[in-house]
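Notes follow the structure.
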Amino acid sequence: MAQQEKIFVAGHRGMVGSAIVRRLQQGGYAHILTQTRQELDLLDQRAVQQYIAQEKPDYLFIAAAKVGGIQANNVFRADFLYQNLVIETNLIHAAHLAGVQRLMFLGSSCIYPKLAPQPLKETCLLTGELEPTNEPYAIAKIAGIKLCEAYNHQYGRQYISVMPTNLYGPNDNYDLQTSHVLPALIRKAHEAKVRGDDTLVVWGSGTPMREFLYADDLADACVHLMEQGYDGPLVNIGTGSDVSIRELAETVKEVVGFQGTLSFDASKPDGTPRKLMDVSRLHALGWQARTGLKAGIERAYSDFLMRTHA
Ligand code: GFB
């Protein structure tokens, strides 16, 4: 990627897209294209084709998606399947029609089978049944990977797919019904501290294991792969280590300064028991995560405070 080339970041208002834009700006990239939802509706095939044909970006990052935590995935199943399929097919096909040669598609660790051997290797894709709570989202993301592979195979494109682990960081979603666990716990711990509550309610049993990557680390990994001109098979992006939800809640408590106890709500789903990424392919490509979990939660908490007190 050269600094004067045109780079379109789809989904720049979200946590991942905004981190990619920050990282590109830091890297001196001067020609970054972005579009708000009002300017370009990614569900509108004709509008997407017109925009990409007109701008002809040299590179495209697909960070636009309908995302959410375990509850949102489980409840809004049609929205997650439909919107993600349409956004990715519109963007990938429009990029191909306009002659865009390089594209990065971002997926998720939930594409791997629920009970796949840990840590999850890229080669375990499609070797078993998916976790039911996020099957629609996972199916859409698997279709995106396969679409990239098919355009590469049939038309010689260089459309790469990366699979980030669970993410958190600036511009996260703090809505308790639709968010992921980490922003939810930050908000719950903060509000419990302010109200002087005795307990903080954690969904599920607290035993599932999850790996957490800071959004700016993810963006750095994505730009690293594009700068290298990587055009091989899909790559996991993670830290290589995980914690239980109980341990995560303890760390959030400590960072936020909530002194009460944890209670566990068994009526809420646990989801997949563990999804630790095998990051050996990524390490071999010369990239490793930098932000430790506690330091990342401290930064995310500052971001939460800034947003809620703005
Ligand atoms: O982050 P999360 O919503 O998504 O939940 P997944 C992770 C674990 O944290 C689950 C527990 O076991 C939850 O039950 N948890 C505890 C909580 N307290 C809370 C809380 O207050 N809010 C939330 N949200 N969870 C998603 C997938 O799965 O991960 C998506 O549904 C996507 O498709 C994303 O892949 C990265 O890790 O279970």
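Values in this document were obtained by computation on a predicted structure and should not be read as measured data. All ligand and atom numbering here is 1-based and tracks the order in the structure.
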Cation-pi between Arg187 and Phe304: NZ/CZ under 6.0 Å from ring centre and within 45° of the ring axis?
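The answer is no, since Arg187 fails at least one limit relative to Phe304.
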Answer yes or no for Lys66 and Phe80: cation-pi contact, defined as NZ/CZ to six-membered ring centre under 6.0 Å and angle to ring axis within 45°.
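Yes, Lys66 and Phe80 form such a contact.
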Strictly under 6.0 Å, is that where the ring centroids of Phe8 and Phe61 end up?
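No, too far apart.
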Any Thr133 heavy atom less than 4.0 Å from ligand 1:
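Heavy atoms of Thr133 never come under 4.0 Å of ligand 1.
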Go through the steps to decide whether Asp242 and Arg274 satisfy the test salt bridge (charged side-chain N to carboxylate O under 4.0 Å, His left out), and finish with yes or no.
CA-CA 9 Å; Asp242 58 357; Arg274 192 175 186 203; 2.8 Å; yes
Rounded distance (nearest 0.5 Å) linking atom CD of Gln288 with atom CG of Leu282:
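It is 8.0 Å, given to the nearest 0.5 Å.
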Heavy-atom nearest option to atom 5 (O) of ligand 1, drawn from Val202, Asn173, Val181, Thr207
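The option holding the nearest heavy atom is Val181.
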Nearest candidate to atom 7 (C) of ligand 1, where distance is taken over non-hydrogen atoms, out of Arg210, Arg187, Glu135:
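Among Arg210, Arg187, Glu135, the closest heavy atom to atom 7 (C) of ligand 1 belongs to Arg210.
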For atom 18 (N) of ligand 1, closest protein heavy-atom neighbour
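That would be Trp203 N, 2.9 Å.
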Will you find, in the side chains of Asp270 and Ser205, an N or O donor that is under 3.5 Å from an N or O acceptor?
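On atom types as modelled, these side chains qualify, holding a pair under 3.5 Å.
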Which one holds for [X] and ligand 1: side chain close, backbone close, both close, or neither close, with close meaning a heavy atom under 4.0 Å?
{"X": "Pro269", "value": "backbone"}
{"X": "Lys275", "value": "side chain"}
{"X": "Ala72", "value": "neither"}
{"X": "Tyr137", "value": "side chain"}
{"X": "Lys268", "value": "neither"}

Nitrogen or oxygen of Ile70 less than 3.5 angstrom from that of ligand 1
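N/O-N/O distance under 3.5 Å: yes.
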